[in-house]
Structures are given as C-alpha cells and as structure tokens.
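Counting convention: from 1, in listed order, for ligands and their atoms alike. The structure displayed is predicted, hence computed values, not measured ones. Residues take their numbers from the sequence shown, with the count starting at 1.
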Amino acid sequence: MMSVSTHTATPVAPKTGTPEAIPLVRPTVEPDSTLLSRMDDVLRSGMLTNGAWVKRFEEAAAAYLGVRNVVAVSNCTAGLMLVLRSVGRAREVVLPSFTFMATGHVAHWNAQNVLFADSDPHTWTIDPADCAGRTSTADAVVGMHTFGTPCDVNALERSAGARQVPVILDAAHGFGSRYPDGAMVGTKGLAEVFSLSPTKPLSAGEGGLVTTDDDNLAQELRIGRDYGNPGDYDARFAGLNARMPELSALVGLSALERFPHWLERRMSLVQRYRDNLADLPGLTFQQVPEGARSSYKDLGVQVDPDTFGLDRTALARLLSAEGISSRSYFDPPLHRQTAYRGDFAPPALPVTDRLAARMITLPLYSHMPEDDVDRVCDAVRRAHVDGSPHAV
Ligand SMILES: *Cc1c(COP(=O)(O)O)cnc(C)c1O
C-alpha cells in the first residue's frame, strides 16, 4: 500500500512549542500510479463525463452494497432532488430537523412543504413514533443515517400506517454502514442517496450514488441526471445536469477498492476514543442499534454541562487553544435556520434542541494517527479536570 499523506504535510511549520493542529476531518485519498495512468487515459480519450469509468464505478459500488441499481450523480444533493422529484404527487415531506441543511433543501427545490420530525435521544436518528404523529398529511418521508448510524427504516415505513408513503433515505453519511438485520445501508426504502464529498467516509472529490431496486426509477434517474434528455433531445421532464465526471469516478473507484481496510481502521479509532473517554462523567456517545454497523462519518459526543463540568462550547474553546478542531453538528438544527424559520411557527422538537445544544464533533478521519486520538482524549480529560467557566 502507498504511503498515506496526512495533515503533517502542512506548508507552514508550526512555531516551536506549539503542538501541531489536528483537523476535524481529512479525505483519505491515496495517490496511486494506476489511478494516475487511468486519469491520463481519460484525459486523452476526450470522454470526460458520464462515460465508461462512471459505469464501472456504479457496477463496483452495486457489488459492494449488494443492490440492483446504482446511479452515479454529481453530488448527493442533486441525487436527492431527482429522487424526490420522482415522487410526483408529494406535496408534503416529513424529515428530521437534526440533519445537514441539504436534507431539507431538496424538498424546497421540489416546492414541497417540509414537516420536521424529532429525533431519538439515543440513536439521534429520526424518531419514527414522532414521525407517525406528523404524517397524517405527508406523502413522503426522508430518513437520514445520522453520522452513519442507520435510522429505523422499517418503523418509518410503518409510521404512515396503511397509506404506503415512500421512504427515501439521505444516506450521505452511511457508506459502509449496515442495518441491524445485516443488510448494507443502500438496500432499503424507495432509494438511498450517498454523498462522496470530501468530508464523507468514501470520497470521489465530489459525487453521489443513488441506489434503488426499482428499475423504472433507476432509468428515470439516468435520464434526470442528463437534463431529462433520454438522448433524442425531447426532454421528458425538467431534469438537472447531475452527471458525474469520469475523473471523479476514477477517484471514487480507487477509494472504493481500499475502503474496507479504511472502514475497519476508522472503527478501531472510534473504539479507541470510546475506551479512552469511558470513565469521564457527562459524555454520551451515539447508540448504534444491536447488530448494526455505523460508518462513523462523524464522532459526535453529547456533553452534559452539569456532570462534565463545562458545556460543549467551553470545551470546544479549550480544545481549540490546543490546536484541536471541533464542530457542533447540527447546530442550529434546520427548524431554527433562517431559510426555514419564516415558513411556519417553529415546531416543538425538544430532543432535537437538546442534541443540538450539547453536541460536539471531535476530529475523526480514516487515516488519523492513533497518537492524535490520544491527544484529543487527553485534552478532553484536562478540560474536565481543570475546566471551569473562569478558567476558559
Ligand atoms: C453532505 C451531506 C449532504 C450533501 O451531500 P453533497 O454530496 O455535498 O451534495 C446531504 N445530506 C447530509 C446529511 C450530508 O451530510
């Protein structure tokens, strides 16, 4: 295996005595000679988008996931827009508020009303029971696999009762995740949509993969990613330019070949975090359902200020002083973002609000050095021991 470039390749040398910065995330992309020579072939061929390498990438992803159809697109947002468009009669869509903004935007771009559902306090994914209380009028449900932990798709499908509304999965975080029954994420619902942007566990630079067992939908998506043009220049509907470039497909294919190795390593880094921090009070990790596997797109930790001794914002500040990046995904949650606030009175989403207020996202990427995990954990421990509002 080629040597992996890490964050240590910083152009600016750190000041002596200053610890090197630990980034929140880094894409694991290994330059390899096969990839470079294939890129050379593509550039010479003149076939730069949606060609033979995109098809090969789709086939390899379908084999890895165990799904009938994979349609590669330019990004997950465009893939979700096309899937939601296909649910023609949907005027109202239920989705979680505790998610990245794109989950909601795709409904907006289809002129669908957004109804927010609350999240489960343990798995942090959309709460099917809360969803059931809101779906008397909705005609589609969008679930999201929060930080890679699969949402309960079976319960979401039951949540609409006898009405049979389609369930679509924003699987942006979930490449490599498994459902509790052992099936790969990518195999359930009407369709699942992965993101291959640089912060996701599998990256193609930019890109998305839509998976579906529905051959008609797959065909519609293939037309839809090409403006709605099946090839005769008589657009069947107003599609998008959502094609995947050949160079992205090559990067994605190369990353997919090494993906199982990096996923194992990522999971062992998460275990290291959990073991290191297990004895600290006031920190709660995400609950992954029995039998399921999370890709751990992000390592979120909930900080209870009363028992930990300081809140997540103060913790983030102390980490930052030691050169350690963190985020607070997803704060603000969608129902409190400017783009959504004007639409309606904010719904009561108590679990979402609590998760958003307490979450800190710690550095994690597949090739992160183990020493850096230990450094982050030591800094968290020091914050707990020394940290108090007046010390910040
Ligand atoms: C990253 C992300 C998206 C958008 O993916 P793109 O490929 O950047 O369009 C959608 N949903 C969630 C939950 C995400 O984290």
Item to check | Interfacing atoms of ligand 1 (cut-off 4.0 Å, heavy-atom, Met144) | outcome: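 Once the distances to Met144 are compared, the set is 13 (C).
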
Next on the checklist: Distance under 4.0 Å to a non-hydrogen atom of Gly207: what atoms of ligand 1 satisfy this?
Outcome noted: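 Going through ligand 1 atom by atom, the ones under 4.0 Å from Gly207 are 7 (O).
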
Please classify the [X] to ligand 1 contact at 4.0 Å (heavy-atom distances, strictly less than): side chain, backbone, both or neither.
X      : value
Lys297 : neither
Thr99  : side chain
Asp170 : side chain
Ala102 : side chain

Checklist entry - Distance-only, no hydrogens or angles: does the Arg293 side chain make a donor-acceptor pair with backbone N or O of Arg178 under 3.5 Å? => result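 The answer is no, because no donor-acceptor pair under 3.5 Å joins these two groups.
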
Item to check | Main-chain N/O of Ile22 paired with Ser325 side-chain donor or acceptor, under 3.5 Å | outcome: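 Confirmed, Ser325 side chain pairs with Ile22 backbone.
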
Item to check | Glu206, any N or O under 3.5 Å of ligand 1 N or O | outcome: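 Between Glu206 and ligand 1, no N or O pair is found under 3.5 Å apart.
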
Next on the checklist: I'd like to check whether Cys76 has a polar contact with ligand 1, where a contact means an N/O of the residue lying under 3.5 Å from an N/O of the ligand.
Outcome noted: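 Yes, since at least one N or O of Cys76 sits under 3.5 Å from an N or O of ligand 1.
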
For [atom], which protein heavy atom lies nearest, and how many Å away is it?
atom                    : answer
atom 4 (C) of ligand 1  : Thr77 OG1, 3.6 Å
atom 15 (O) of ligand 1 : His173 NE2, 2.6 Å
atom 2 (C) of ligand 1  : Lys200 NZ, 2.7 Å
atom 7 (O) of ligand 1  : Ser195 OG, 2.7 Å

Next on the checklist: Run the ring-ring contact (aromatic ring centres under 6.0 Å, His included) test on Tyr273 and Phe285 for me, step by step, so that the C-alpha distance in whole Å, both residues' side-chain angles and the decisive distance to 0.1 Å come before the verdict.
Outcome noted: CA-CA 10 Å; Tyr273 262 116; Phe285 290 93; 7.8 Å; no

Checklist entry - Looking at CG of Asp353 and OG of Ser97, how far apart are the two atoms once the value is rounded to the nearest 0.5 Å? => result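 If I round to the nearest 0.5 Å, the distance is 7.5 Å.
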
Checklist entry - Below 4.0 angstrom, N of the basic side chain to O of the carboxylate: do Glu322 and Arg375 qualify? => result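 Answer for the salt bridge query: no.
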
Next on the checklist: In the structure I gave you, are the side-chain heavy atoms of Glu246 and Val54 within less than 4.5 Å of one another anywhere?
Outcome noted: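 Yes, side chains in contact.
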
Item to check | Nearest-option assignment for atom 12 (C) of ligand 1, heavy atoms, candidates Pro96, Gly208, Ala172 | outcome: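 Looking at heavy atoms only, Ala172 sits closest to atom 12 (C) of ligand 1.
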
Item to check | Test log, rule side-chain hydrogen bond (donor to acceptor under 3.5 Å, both in side chains), inputs Glu58 and Trp53 | outcome: CA-CA 8 Å; Glu58 288 175 339; Trp53 286 105; over 6 Å; no

Checklist entry - Should the pair Tyr340 and His108 be assigned to parallel (<30°), tilted (30 to 60°) or perpendicular (>60°) ring geometry? => result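 Taking His108 first and then Tyr340, their aromatic rings stand perpendicular (interplane angle over 60°).
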
Checklist entry - How are the rings of Phe330 and Phe147 set to each other: parallel, tilted or perpendicular (split at 30° and 60°)? => result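 Because their plane-to-plane angle is under 30°, the rings of Phe330 and Phe147 count as parallel.
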
